[in-house]
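Numbered from 1 within each chain, the chains take letters A, B, ... in sequence-line order. Computation of the quantities below employed the complete heavy-atom set of this structure, encompassing side-chain atoms and omitting hydrogens, waters and symmetry-equivalent molecules.
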Amino acid sequence: MIKLEEVTKVYKGDVVALRNASVDINKGEFVYLVGKSGSGKSTFLRLLNKEERPTRGRIFVAGKDIGELSSWKVPLLRRNIGCVFQDFKLLPNKTVSENVAFALEVIGRPRQVIKAQVPAILDLVGLGNKAENFPDELSGGEQQRVSIARAFVNRPLILLADEPTGNLDPATSVGIMRLLDRINKTGTTVVMATHDRNIVDTMRRRVIELDHGEVIRDQARGVYE
Amino acid sequence: MPIKVDYVARETVTNLKRNFTITLASVLTVFVSLFLVGFALMLRQGVEKATQRWQGGIEFIVFMNPNASPDQLQAVRSKLENSPDTEKFTFVDQNAAYDEFKELFKDQPDLTENVGPDVLPPSFRVVPREKAAAAVEEMSTPFKTQPGVKEVVSATETTKLVQELSDKVTKGMGFVAIVLLSVAVLLILNTIRMAMFSRRREIEVMKLVGATNSFIRVPFMLEGLFQGVVGAGLAVIALVVFLPFFERWLPPADQFPLFSGFVPGGPDMLITYLLVGGIGCLVGTLGAGVAVSRFLDV
């Protein structure tokens, strides 16, 4: 599903964010990306939906070399990749259901489809009763659920999560992880960058560790360290 | 991907409301600059029309009697040809005079229908070597007594003054209009930039979930176009309203014949209006286009 071949990313000023990284992730896998701040986790994720371009190397998503994707096709790539962030990136002036509907609206889904899918996905993430609330009326965990609902409402092949539990307390984090696990079980490939030792050690999945941009460990059912 | 009309309309209207004051500033700047452009064009057309016969350095015109004999015409012609003071001259026969007459009075069909080429005087339009009033006077006087000559008309100082003045005024107004139009482009650019800034979170989300570039850009482009078009629309309305006042300010035609038929008529003004509208669209699209390509990295 995702394949990196000798990928190197150098930012301005010779900052090497990723060095000769080669990774192969199959459909339906759940992968933790661990490593210190600045080890290249976020760059790894940003390369996958072409927010950044690799300096060297090739990246395949769903069998296609995304380096050869013309720029007008990038949006189509992104429709197959859901994204979740530490800071949620919800729109504060829209309600929960409007936030989720927005993601469908801007890719031109018909109104009937939006009307049917938004309540369904909100039920799935357990927020059916908060549809008309605004994001700042929700707890952090609930806001992250909204953002997961938005990322998943379009049924993407891949879900990228950049420290989704970074702002949440341990109990709430467990709830979020259960949700991500459920999404993973529907066949969606999940790649999650995290600092959360507890989570990695309890919910054992494949672990890829980065250090100064290099893949130093790739372990099935691994632990944090 | 088809872009949904209701979505685009809603987004554009929201943007316009959010930045109401600055939108107003752009619209008013477009309006003022295009009003100036329109007025300058109008003035230029008016002066050209009123002084049509006096273009290209023509200083006096010898009008012959409509029934002047070929010999009489030939006499005047050879006199002009042999005069050392003549730089050049043109002969306007009755048919050409009729065409000119029709052009000048095209708004008054009564007049053009009742007049035929046979009643109009043929004329010689003379460009003398020496342009000073006294020299022109000296050169033209002998023609007054020539057989077959109806009258000799000189370009007055006023005519020349009007031509010169209008030339300067149009140039000045054109310059100010260009400066103002540049200001308008920059203002629109900034309005769009601010609109994009205030919606940067939404734009970020749109990019993440895979909205196409055109989907993200179109509402902003429309916002710029809207500002240009509304400004141009106001300018056209103002010109239409202003035209009768302008006509009233002019001295009455019987006292000051130069200004008869000065105010440009329908088709001329239509071209002016279209031009003003076109420039408005261009200014709006240009401002928004630059803003979108510079500040919307999709």
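Other residues, nucleotides and ligands contribute over 12 non-hydrogen atoms within 6.0 Å of the CZ atom of B:R10. No more than 12 heavy atoms of other residues, nucleotides or ligands shown are found within 6.0 angstrom of CZ on B:F175. Other residues, nucleotides and ligands contribute over 12 non-hydrogen atoms within 6.0 Å of the CZ atom of B:R199. Few gaps surround CZ on B:R200; more than 12 heavy atoms of other groups in view lie less than 6.0 Å from it. Heavy atoms from other residues, nucleotides or ligands lying under 6.0 Å from CZ of B:F226 number 12 at most.
Contact annotation for A:L77: neither backbone nor side-chain heavy atoms come within less than 4.5 Å of a heavy atom of chain B. Residue contact with chain B, scored on non-hydrogen atoms closer than 4.5 Å, is absent for A:N99.
For the side-chain contact (heavy atoms from CB on, under 4.5 Å) test, residues two or more places apart in sequence or in another chain that qualify with A:P156 are A:F152.
A salt bridge does not link A:K89 with B:E202: none of the charged nitrogens is closer than 4.0 Å to a carboxylate oxygen.
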message: Test side chain to side chain contact (heavy atoms under 4.5 Å, CB included) on A:L90 and B:R201; report intermediate values, then the result.
response: CA-CA 8 Å; A:L90 298 175; B:R201 295 172 70 112; 5.7 Å; no
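Without hydrogens or angle criteria, A:R79 side chain to B:V209 main chain gives no donor-acceptor distance under 3.5 Å.
Nearest heavy-atom pair across A:V106 and B:M206 is CG1-CG, 3.8 Å.
Once rounded to the nearest 0.5 Å, the distance linking SG of A:C83 with CD of B:E204 reads 10.0 Å.
Scanning residues 40-76 of chain A against chain B with a 4.5 Å heavy-atom cutoff picks out A:N49, A:E51, A:P75, ordered by number.
Annotation: side chain of B:F215 is not in contact with side chain of A:I107 (no heavy-atom distance under 4.5 Å).
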